[in-house]
Amino acid sequence: MKIVVAVDNNWAIGNKNQLLVSIPNDHKNFRRLTIGKVVVLGRKTLETFPQGQPLNGRTNIILSRDESYKAGDAIIVHSVDELLEKVKAYNTDDVYIIGGDSIYKQFLPYCDEAIVTKVDHEYEADAYFPNLDEDSEWKIVDESDDETYFDLDYKFVTYKKK
Ligand SMILES: NC(=O)c1ccc[n+]([C@@H]2O[C@H](COP(=O)([O-])OP(=O)(O)OC[C@H]3O[C@@H](n4cnc5c(N)ncnc54)[C@H](OP(=O)(O)O)[C@@H]3O)[C@@H](O)[C@H]2O)c1
């Protein structure tokens with residue numbers, strides 16, 4: 001399984017249940033990676049999407065502990081174990097963990113690749129991703145050139161588990 005995440009210089013990922021920044025080319029890259037694939041996300045992240053609806057053109061698997069929770073045509077699972085069982089039906093390379101905070105932390109041990117958008121800024125934040133640069137289990141295998149959105153620099157960095 002793979003992780004897709006956008007972080008700032010402090011590995012912050014969100015504030016007050018919102019993303020820190022919206023960069024059109026980052027959304028485009030996210031769509032390119034995940035279209036036709038399986039995306040795994042927490043109930044709170046789903047509710048930040050437009051109309052709280054699952055992502056089109058992808059199999060959405062949502063984690064919630066609420067046994068009666070429903071969200072469009074998404075598959076709902078209620079525990080880490082149930083998710084791990086459910087994704088056995090798919091090619092593991094086609095499964096993308098897309099957040100948020102609690103889901104990243106629980107599934108990082110099961111992932112072997114992380115595609116990280118690094119935004120060169122420091123935002124006010126209340127949600128963070130583990131710093132992979134300080135984790136000896138992970139190494140950088142690919143790094144894009146710096147890209148710019150107005151006055152913001154960002155780049156795409158791919159990490160793999162050693
Ligand atoms: N920068 C990025 O790339 C990025 C991407 C995605 C999200 N985010 C940010 O991340 C933040 C949200 O993170 P979050 O941790 O608050 O919410 P979250 O991880 O999206 O969702 C948390 C919810 O998921 C369910 N859940 C979590 N673990 C579960 C488990 N083991 N079994 C069953 N259900 C489980 C629970 O739902 P119930 O309460 O329904 O039981 C829990 O309340 C926001 O700020 C968002 O913008 C950032």
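Atoms within a ligand are numbered from 1 in the order they appear, just like the ligands themselves. Computation of the quantities below employed the complete heavy-atom set of this structure, encompassing side-chain atoms and omitting hydrogens, waters and symmetry-equivalent molecules.
- Distance from atom 33 (C) of ligand 1 to its nearest protein heavy atom, with residue and atom name: His78 O, 3.2 Å.
- Distances from atom 5 (C) of ligand 1 to the heavy atoms of Phe49, Tyr104, Phe30 show the closest one on Tyr104.
- At least one heavy atom of Asn15 sits closer than 4.0 Å to an atom of ligand 1.
- Using a 4.0 Å cutoff on heavy atoms, Phe129 does not count as a contact of ligand 1.
- Across Arg65, Glu82, Lys105, Gln18, heavy-atom proximity to atom 42 (C) of ligand 1 is greatest for Arg65.
- Nearest protein heavy-atom neighbour of atom 9 (C) of ligand 1: Ile13 O, 3.9 Å.
- Of the protein's non-hydrogen atoms, Leu63 O, 3.2 Å is the one closest to atom 25 (C) of ligand 1.
- Counting non-hydrogen atoms of neighbouring residues, nucleotides and ligands closer than 6.0 angstrom, the NZ atom of Lys70 reaches no more than 12 such neighbours.
- The aromatic rings of Tyr110 and Phe107 are tilted relative to each other, their planes meeting at an angle between 30° and 60°.
- Closest to atom 3 (O) of ligand 1, if we only count protein heavy atoms, is Ala6 N, 2.8 Å.
- Counting atoms of ligand 1 from 1 in the listed order, those under 4.0 Å from a heavy atom of Ser79 are 32 (N), 33 (C).
- Between Phe129 and Tyr104, the angle of the ring planes goes over 60°, which puts this pair in the perpendicular group of the 30/60° scheme.
- Within the listing of ligand 1, atoms 21 (O), 23 (C), 24 (O), 37 (O), 38 (P), 39 (O), 40 (O), 43 (O) sit less than 4.0 angstrom from a heavy atom of Arg43.
- Nearest-residue assignment for atom 40 (O) of ligand 1 (options Gly100, Ser64, Ala12; heavy-atom criterion): Ser64.
- Less than 4.0 angstrom separates some heavy atom of Asp101 from each of these atoms of ligand 1: 10 (O), 13 (O), 14 (P), 15 (O), 19 (O).
- Near Ile98, with a cut-off below 4.0 Å to any heavy atom, the atoms of ligand 1 are 5 (C), 6 (C).
- When the shell of 6.0 Å around CG of Asp66 is examined, it contains more than 12 heavy atoms from other residues, nucleotides or ligands.
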**Asked** How far apart are the C-alpha atoms of Glu147 and Lys118, what are their side-chain angles, what is the distance that settles it, and do they pass the salt bridge (charged side-chain N to carboxylate O under 4.0 Å, His left out) test?
**Response** CA-CA 10 Å; Glu147 309 208 13; Lys118 286 187 156 181; over 6 Å; no
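- For atom 15 (O) of ligand 1, the closest non-hydrogen atom on the protein side is Ser102 N, 2.8 Å.
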**Request:** Please report the C-alpha distance between Asp142 and Lys155 in whole Å, then the side-chain angles of each, then the deciding distance to 0.1 Å, and finally whether the salt bridge (charged side-chain N to carboxylate O under 4.0 Å, His left out) criterion is met.
**Result:** CA-CA 10 Å; Asp142 191 38; Lys155 61 184 171 184; over 6 Å; no
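- The heavy atom nearest to atom 7 (C) of ligand 1, considering only Thr45, Ile3, Leu20, Val21, is found in Thr45.
- Among the atoms of Val4, none of the N or O lies under 3.5 angstrom from an N or O of ligand 1.
- For atom 12 (C) of ligand 1, the nearest non-hydrogen atom of the protein is Asn17 OD1, 3.6 Å.
- Near Gly14, meaning under 4.0 Å from one of its heavy atoms, ligand 1 places the atoms 45 (O).
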**Request:** Might you work through the salt bridge (charged side-chain N to carboxylate O under 4.0 Å, His left out) test for Lys86 and Glu82, ending with a clear yes or no?
**Result:** CA-CA 6 Å; Lys86 187 65 74 181; Glu82 192 184 346; 5.5 Å; no
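- Atom 4 (C) of ligand 1 has as its closest protein heavy atom Leu19 CD2, 3.4 Å.
- If you number the atoms of ligand 1 from 1 as listed, the ones under 4.0 Å from a heavy atom of Ile103 come out as 19 (O), 27 (C), 28 (N).
- Other residues sharing a hydrophobic cluster with Ile76 under the 4.5 Å side-chain heavy-atom criterion for ILVMFWY residues are Val4, Phe30, Leu33, Val39, Leu41, Leu46, Phe49, Leu55, Ile62, Tyr69, Tyr96, Ile98, Ile115.
- Those atoms of ligand 1 that come under 4.0 Å of a heavy atom in Gln106, given as number and element, are 27 (C), 28 (N), 29 (C), 30 (C), 31 (N).
- At the shortest separation from atom 16 (O) of ligand 1 among protein heavy atoms lies Lys44 CD, 3.7 Å.
- Remark: Lys37 engages no residue in a side chain to side chain donor-acceptor pair (under 3.5 Å) (not counting sequence neighbours).
- If you take CG on Asp133 and CG on Asn131, they are separated by 5.0 Å, rounding to the nearest 0.5 Å.
- With hydrophobic clusters built from ILVMFWY side chains whose heavy atoms lie under 4.5 angstrom apart, Val119 does not share a cluster with Ile13.
- Within a 6.0 Å sphere centred on NZ of Lys105, other residues, nucleotides and ligands contribute more than 12 heavy atoms.
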**Request:** Apply the test side chain to side chain contact (heavy atoms under 4.5 Å, CB included) to residues Ile103 and Thr45: give CA-CA distance (whole Å), side-chain angles for both, the deciding distance (0.1 Å), then the verdict.
**Result:** CA-CA 10 Å; Ile103 299 302; Thr45 291; over 6 Å; no
